[in-house]
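Proteins get letters first, then strands, A, B, ... in listed order; numbering begins at 1 in each.
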Amino acid sequence: MAPLRLDFPVREAEVFPVLGAEDAFPTPYPDNGVTVLVPLSRWLEERLGLIDAGLSVGVWLASDESPEDWGPTLAEDMARLPVIGLAFPAFTDGRAYSSARLLRERHGFGGELRALGDVKIDQVPLMVRCGFDAIDPKDTLTEEAVNAALSRFRHVYQHAGDGRPAIWAERRSIVAKTEAERCSTGIEKEIVA
Amino acid sequence: MSKKTVPALHVISANRLTDGVVVYRCGECTWSEAFSDALVLSGESLEDELVLAKADEVSGVVGVYSHEVSDGAPAHIRDRIRAEGPTVLYKTSPSAKAH
Amino acid sequence: MYRYDEFDAAIVADRTREFSDQVARRLSGEIDEDSFKPLRLMNGVYLQLHAYMLRVAVPYGELSANQLRRMARIAKDYDKGYGHFTTRQNIQYNWIALSDMPKVLEELAEVGLHAIQTSGNCIRNTTCDPLAGVAADEYEDPRPWAELIRQWSTFHPEFTFLPRKFKIAITGATKDRAAVQFHDVGLELAPLPDGSGEIGFKVYVGGGMGRTPRVGRLLRDDLRKEHLLSYLEAILRTYNMQGRRDNKYKARIKILMDALGVEAFRAKVDAEWEAMERTTVDVPAEEVARITDYFAPLDYAPVSTGTAQEVADLRAQDPAFDAWLNANVHAHKVEGYAGVTISLKPVGGIPGDATTDEMEAVADLVDRYSQGILRVTHEQNLLLPHVRQDQLHALWLALQAVGLETPNVGHMGDIIACPGLDYCALATARSIPIAQEISARFKDMTRIQDIGPVTLNISGCINACGHHHAGNIGILGLEKAGDEAYQLVLGGAADERAAVAQQTGRGFSAEGIVDAVETVVEAYMELREGSETFIDTFRRVGITPFKEALHGPTSA
């Protein structure tokens with residue numbers, strides 16, 4: 001386990017133990033200040049108890065779960081949870097990309113969105129675009145490789161969850177910039193993109 | 001007549017990683033483009049050689065497998081086509097690099 | 001046509017560098033084949049029986065002469081001097097080394113070509129009517145929308161690991177020349193049902209070939225153009241989240257639609273669309289206008305009024321020219337112009353193949369006779385969309401000089417066939433030799449004219465890349481007891497009256513299937529009334545008379 005925060009440049013992230021439905025909380029807990037991730041079903045069942053006990057808990061979704069499975073506490077949990085993990089049991093299972101976008105863009109989740117499991121280097125830029133800001137890959141990825149992957153694509157064609165402008169917006173801002181400069185100086189300037 | 005007790009004969013084949021060309025496992029852990037060079041194996045020696053051959057999947061070959069041969073030729077049409085190339089005469093341009 | 005600006009060029013260049021890096025990591029052994037395979041597929045690289053195969057995209061089938069020249073050069077420098085045009089308007093190279101792929105992709109990128117997303121579980125090349133922009137029966141040119149879909153779908157981060165491949169086709173005319181109803185999503189530009197005369201989209205979902213052929217179901221007929229991309233996003237998100245992941249053979253969107261039913265599926269898509277923040281998905285009107293400008297009609301210098309008579313005179317004198325006009329030349333929306341299909345189905349040839357020399361010859365003809373633009377058709381032919389009628393004869397003579405004048409487009413010799421077991425690792429039987437044999441049997445151009453329009457499709461396995469399910473006559477190559485065996489299906493149609501072909505009964509050997517095709521054609525000739533085409537007659541009489549011709553009278 002070598003989790004990374006997908007800032008630029010990337011850096012080491014905190015380890016968040018990922019628990020199953022029946023797993024005990026790691027001791028000493030909660031004094032060790034560790035945040036653990038529990039499955040959605042467990043969160044929904046034990047939620048009030050966990051909140052009352054003041055435990056630092058995040059939630060993780062299996063790849064066949066989605067925000068639609070969350071239930072009526074979804075909105076409140078988006079504000080409350082420090083971290084949500086989304087599982088990639090195989091890197092070819094792309095369901096979590098959609099769940100990530102929905103959590104970020106539709107439900108306003110502002111905490112850490114962490115990709116868990118079979119994360120390969122080439123998926124990291126896609127994950128960032130869908131709103132992930134951390135990964136906990138089963139195969140170690142070096143910071144160097146991740147930085148290189150994240151800086152590879154200078155432009156993107158479409159809008160996604162990371163705020164990068166779609167290609168048509170980039171083109172429009174170039175045109176607007178040219179226009180503005182022409183108006184302000186009265187001279188046509190060439191903008192080198 | 002007596003039941004056949006001789007296990008079927010096989011060769012081991014793969015595609016070369018760099019260019020996809022069909023290759024056959026020969027002696028001394030090498031691979032050859034010629035079907036005629038292929039080791040003919042069966043039973044345990046086939047299994048052992050397959051294990052050794054698969055080690056080359058790291059960076060030498062792709063898709064190591066074994067197929068039956070009979071009368072000195074691949075038994076199945078698919079493997080015959082792999083050995084001999086397309087059965088149809090594709091038109092090429094004389095100027096092409098690789099005929 | 002669309003031309004890359006520096007943004008498009010940068011994206012393709014960055015992708016080429018990424019793939020170069022991935023190839024290097026594979027060749028060194030740093031990543032294994034299981035990890036590499038999905039990556040190489042997303043860059044159009046297959047491993048076939050004899051070698052790697054590279055599938056280069058031809059976005060919505062449109063190419064410039066210079067791009068065709070570069071394709072010819074790649075075939076010469078890195079392959080064995082030929083390429084193969086496919087049923088999705090792409091080109092395939094059969095012999096390029098993996099170690100050469102990065103260089104090949106760089107050279108393709110120089111002319112705005114790439115192999116992005118031509119394979120893999122992602123959104124594939126969107127295909128289009130080869131007469132887009134020039135068809136006489138067109139409501140609106142689908143190409144600007146095809147280009148918008150291309151940009152929206154390329155490296156879409158959410159839809160890069162779908163349950164399975166996803167294919168979109170778009171048309172804008174009354175006749176469907178893009179087989180839209182056999183696609184995961186089929187789009188048809190047509191007048192909106194509100195009677196306003198405004199053009200919008202009909203959206204078909206869940207069509208497809210393969211093991212479970214389906215005609216797409218109409219999801220809605222009233223999609224406003226400006227909502228196209230957001231609606232596609234809603235469909236894809238629904239599919240990505242709910243498509244099956246447990247069984248590769250049940251993972252297409254058509255299976256999801258079967259499971260949910262059209263109404264429930266539409267409800268989910270509509271709910272997602274309603275909830276979506278669409279202003280960043282649907283591009284602004286000015287961007288639509290900017291893209292549309294690339295496809296503005298060309299300068300069509302007027303053709304003299306005497307041309308029609310001249311052509312009529314020439315064809316009266318020369319039956320061969322007449323035959324070519326009948327089969328290969330199509331009506332154009334501009335008076336005095338025509339669309340011309342170059343058949344890549346010479347008698348006894350390999351359907352869809354073109355050599356370097358042939359591609360270069362065609363490129364010169366495209367510059368001379370079609371304002372530098374050509375199209376690839378999903379019937380594996382090439383089409384020149386801007387030909388002056390007063391140059392038809394000269395073009396025909398020029399085609400004769402390079403052996404590309406075969407007048408069989410849309411007729412018995414115009415066979416659509418996948419590469420089959422001669423090339424393909426997935427195949428169960430050979431398709432090309434069957435095509436060649438049938439072509440040879442029907443080599444008489446007068447006879448095929450007499451038979452009239454008919455589609456004949458051959459697939460070498462159940463994956464149906466030859467689109468046999470949509471053929472008026474379809475052949476499926478299978479394996480039976482170690483031998484190649486062929487099934488015959490009849491009555492499919494890929495146009496706006498889309499239909500899946502029906503089984504005719506027990507299968508045939510390689511020799512038998514060619515005789516069976518003759519039997520079926522002869523049965524049609526006996527049964528037809530008036531000017532009925534093959535499919536007209538089939539629709540009238542059904543399959544029984546054909547089954548009886550093949551297998552004898554059915555028992556009472």
Side-chain angles (χ1 to χ4, degrees), chain A residues 63-69 88-102 105-107 118 120-132 139 145 148-149 151-172 174-176 192-193, chain C residues 5-11 13-15 17-19 21-22 25 31 34-39 42 120-122 148 150-163 229 233 236-243 245-246 268 272 275-277 279-284 286-288 290-291:
Chain A
S63 64
D64 60 354
E65 294 177 310
S66 81
E68 267 183 37
D69 301 315
F88 288 85
F91 73 91
T92 48
D93 184 340
R95 286 176 281 191
Y97 295 100
S98 288
S99 292
R101 291 198 68 190
L102 290 173
E105 298 168 60
R106 184 96 22 106
H107 302 296
D118 193 13
K120 306 284 200 228
I121 187 70
D122 309 281
Q123 281 104 57
V124 180
L126 305 173
M127 290 173 176
V128 167
R129 296 258 286 135
C130 289
F132 286 96
D139 303 326
S151 52
R152 169 149 275 148
F153 284 92
R154 291 168 280 168
H155 305 286
V156 292
Y157 266 125
Q158 66 289 100
H159 173 90
D162 61 343
R164 281 179 84 171
I167 201 169
W168 52 263
E170 270 197 279
R171 289 173 178 136
R172 184 158 67 165
I174 298 282
V175 170
V192 177
Chain C
D5 59 17
E6 72 261 46
F7 296 104
D8 298 290
I11 289 178
D14 291 344
R15 170 62 154 220
R17 263 195 292 279
E18 179 191 53
F19 185 58
D21 186 55
Q22 291 164 346
R25 281 152 55 209
I31 49 173
D34 283 341
S35 301
F36 181 64
K37 186 170 170 184
L39 303 175
M42 283 194 273
N121 293 338
C122 50
L148 282 163
R150 181 189 77 82
Q151 298 201 14
W152 162 80
S153 65
T154 302
F155 308 143
H156 195 304
E158 189 183 345
F159 305 134
T160 300
F161 291 95
L162 296 172
L229 296 181
E233 185 130 320
L236 264 299
R237 181 166 298 143
T238 306
Y239 173 56
N240 188 46
M241 297 185 85
Q242 308 211 15
R245 301 254 176 190
D246 59 318
K268 283 191 190 292
E272 174 56 36
M276 191 188 292
E277 173 49 63
T279 55
T280 47
V281 185
D282 292 319
V283 303
E286 76 204 49
E287 176 69 4
V288 176
R290 193 189 72 85
I291 300 237

Chemist: I need the Asp64(A) CG to Gln242(C) CD distance, nearest 0.5 Å.
Modeler: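 Reported value, rounded in 0.5 Å steps: 11.5 Å.
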
Chemist: Using non-hydrogen atoms and a 4.5 Å limit, figure out which bit of Arg106(A) sits close to chain C: side chain, backbone, both or neither.
Modeler: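 Arg106(A) touches chain C through side-chain heavy atoms alone.
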
Chemist: Less than 4.5 Å to any heavy atom of chain A: does that hold for the side chain of Asp34(C), its backbone, both, or neither?
Modeler: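 Interface part for Asp34(C): backbone (N, CA, C, O).
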
Chemist: For Val156(A), which atoms come within 4.5 Å of any heavy atom of chain C: side chain, backbone, both, or neither?
Modeler: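 Backbone only.
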
Chemist: Examine whether an atom of Arg150(C) lies under 4.5 Å from a heavy atom of chain A, and if so say whether it belongs to the side chain, the backbone or both; otherwise answer neither.
Modeler: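 It is the side chain, since no backbone atom gets that close.
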
Chemist: The criterion is side chain to side chain contact (heavy atoms under 4.5 Å, CB included); which residues satisfy it with Ala148(A), sequence neighbours excluded?
Modeler: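 If we apply the side chain to side chain contact (heavy atoms under 4.5 Å, CB included) test to Ala148(A), skipping adjacent residues, there are no hits.
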
Chemist: Grab the two heavy atoms, one from Ile167(A) and one from Phe7(C), that are nearest each other, plus how far apart they are.
Modeler: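 Heavy atoms of Ile167(A) and Phe7(C) come nearest at CD1-CB, 3.2 Å.
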
Chemist: For the residue pair Asp122(A) and Arg25(C), establish whether any side-chain heavy-atom pair is separated by less than 4.5 Å.
Modeler: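 A side-chain contact under 4.5 Å exists here.
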
Chemist: Which heavy atom of Ser98(A) sits nearest to which heavy atom of Phe159(C), and what is that distance?
Modeler: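 Heavy atoms only, the tightest pair is OG-CE2, 4.3 Å.
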
Chemist: Determine the option with the most heavy-atom pairs under 4.5 angstrom with chain A, choosing from Arg17(C), Glu277(C), Glu233(C).
Modeler: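 Looking at each option in turn, the highest pair count goes to Arg17(C).
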
Chemist: Would you mind reporting whether Gln123(A) and Phe161(C) have side-chain heavy atoms less than 4.5 Å apart?
Modeler: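 Yes - at least one pair of side-chain heavy atoms lies under 4.5 Å apart.
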
Chemist: Which bit of Ala160(A) comes within less than 4.5 Å of chain C, counting heavy atoms only: side chain, backbone, both or neither?
Modeler: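 Just its side chain gets close to chain C.
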
Chemist: Could you look at Ser99(A) and say if it's the side chain, the backbone, both or neither that has a heavy atom under 4.5 Å from chain C?
Modeler: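 Ser99(A) touches chain C through backbone and side-chain heavy atoms alike.
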
Chemist: Given heavy-atom pairs under 4.5 angstrom as the criterion, report whether the side chain, backbone, both or neither of Arg171(A) touches chain C.
Modeler: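 Answer is both: backbone and side chain atoms of Arg171(A) are under 4.5 Å from chain C.
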
Chemist: Report the option among Cys130(A), Gly94(A), Ala90(A) that has the most heavy-atom pairs separated by less than 4.5 Å from atoms of chain C.
Modeler: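 Answer, by heavy-atom pair count under 4.5 Å with chain C: Gly94(A).
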
Chemist: Would you call Lys268(C) and Glu68(A) a salt bridge, using N to O less than 4.0 angstrom?
Modeler: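 Salt bridge absent between Lys268(C) and Glu68(A).
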
Chemist: Any side-chain heavy-atom pair from Lys120(A) and Leu39(C) closer than 4.5 angstrom?
Modeler: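 They are not in side-chain contact.
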
Chemist: Would you sort out whether Glu286(C) and Arg172(A) count as a side-chain contact (heavy atoms from CB on, under 4.5 Å), showing the intermediate values?
Modeler: CA-CA 9 Å; Glu286(C) 76 204 49; Arg172(A) 184 158 67 165; 2.6 Å; yes

Chemist: Output yes when a side-chain donor or acceptor of Gln158(A) lies under 3.5 Å from a complementary backbone atom of Thr154(C), and no otherwise.
Modeler: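 It does hold such a pair.
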
Chemist: Looking only at heavy atoms and a cut-off of under 4.5 Å, which of Asn121(C), Ile291(C), Leu236(C), Asp8(C) has the most pairs with chain A?
Modeler: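 When all of Asn121(C), Ile291(C), Leu236(C), Asp8(C) are compared, Asp8(C) has the most.
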
Chemist: Flag the pair Pro157(C) / Tyr97(A) as yes when at least one side-chain heavy-atom distance between them is below 4.5 Å, and no otherwise.
Modeler: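 Not touching, per the 4.5 Å side-chain cut-off.
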
Chemist: With rounding to the nearest 0.5 Å, note down the distance linking CG in Asp93(A) to CG in Leu162(C).
Modeler: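 The distance works out to 11.0 Å.
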
Chemist: Whether the side chain of Arg245(C) engages the backbone of Thr92(A) through a donor-acceptor N/O pair (distance < 3.5 Å, no angle test) should be reported.
Modeler: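 Side chain of Arg245(C) to backbone of Thr92(A): a pair is present.
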
Chemist: Considering residues at least two apart in sequence or located in another chain, which fulfil the ring-ring contact (aromatic ring centres under 6.0 Å, His included) criterion with Phe153(A)?
Modeler: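 Partners of Phe153(A) by the ring-ring contact (aromatic ring centres under 6.0 Å, His included) criterion, ordered by chain and then number, come out as Phe155(C).
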
Chemist: Nearest 0.5 Å, please: how far is CD in Glu158(C) from CZ in Arg95(A)?
Modeler: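 Reported to 0.5 Å precision, the distance equals 14.0 Å.
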
Chemist: Could you tell me which of Leu102(A), Ile121(A), Val128(A) has the largest number of non-hydrogen atom pairs under 4.5 Å with chain C?
Modeler: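 Most pairs with chain C among the choices: Leu102(A).
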
Chemist: Nearest 0.5 Å please: distance from the CG atom of Asp5(C) over to the CD atom of Glu170(A).
Modeler: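 Rounded to the nearest 0.5 Å, the CG-CD separation comes out at 10.0 Å.
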
Chemist: Is the closest side-chain heavy-atom distance between Ile11(C) and Tyr157(A) below 4.5 Å?
Modeler: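 Yes, close enough: below the 4.5 Å cut-off.
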
Chemist: Enter the distance from His156(C):NE2 to His159(A):NE2 here, rounded to the nearest 0.5 Å.
Modeler: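 So the NE2 of His156(C) and the NE2 of His159(A) are separated by 9.5 Å.
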
Chemist: Please classify the contact of Arg152(A) with chain C as side chain, backbone, both or neither, using a heavy-atom distance under 4.5 Å.
Modeler: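 Contact with chain C involves both backbone and side-chain atoms of Arg152(A).
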
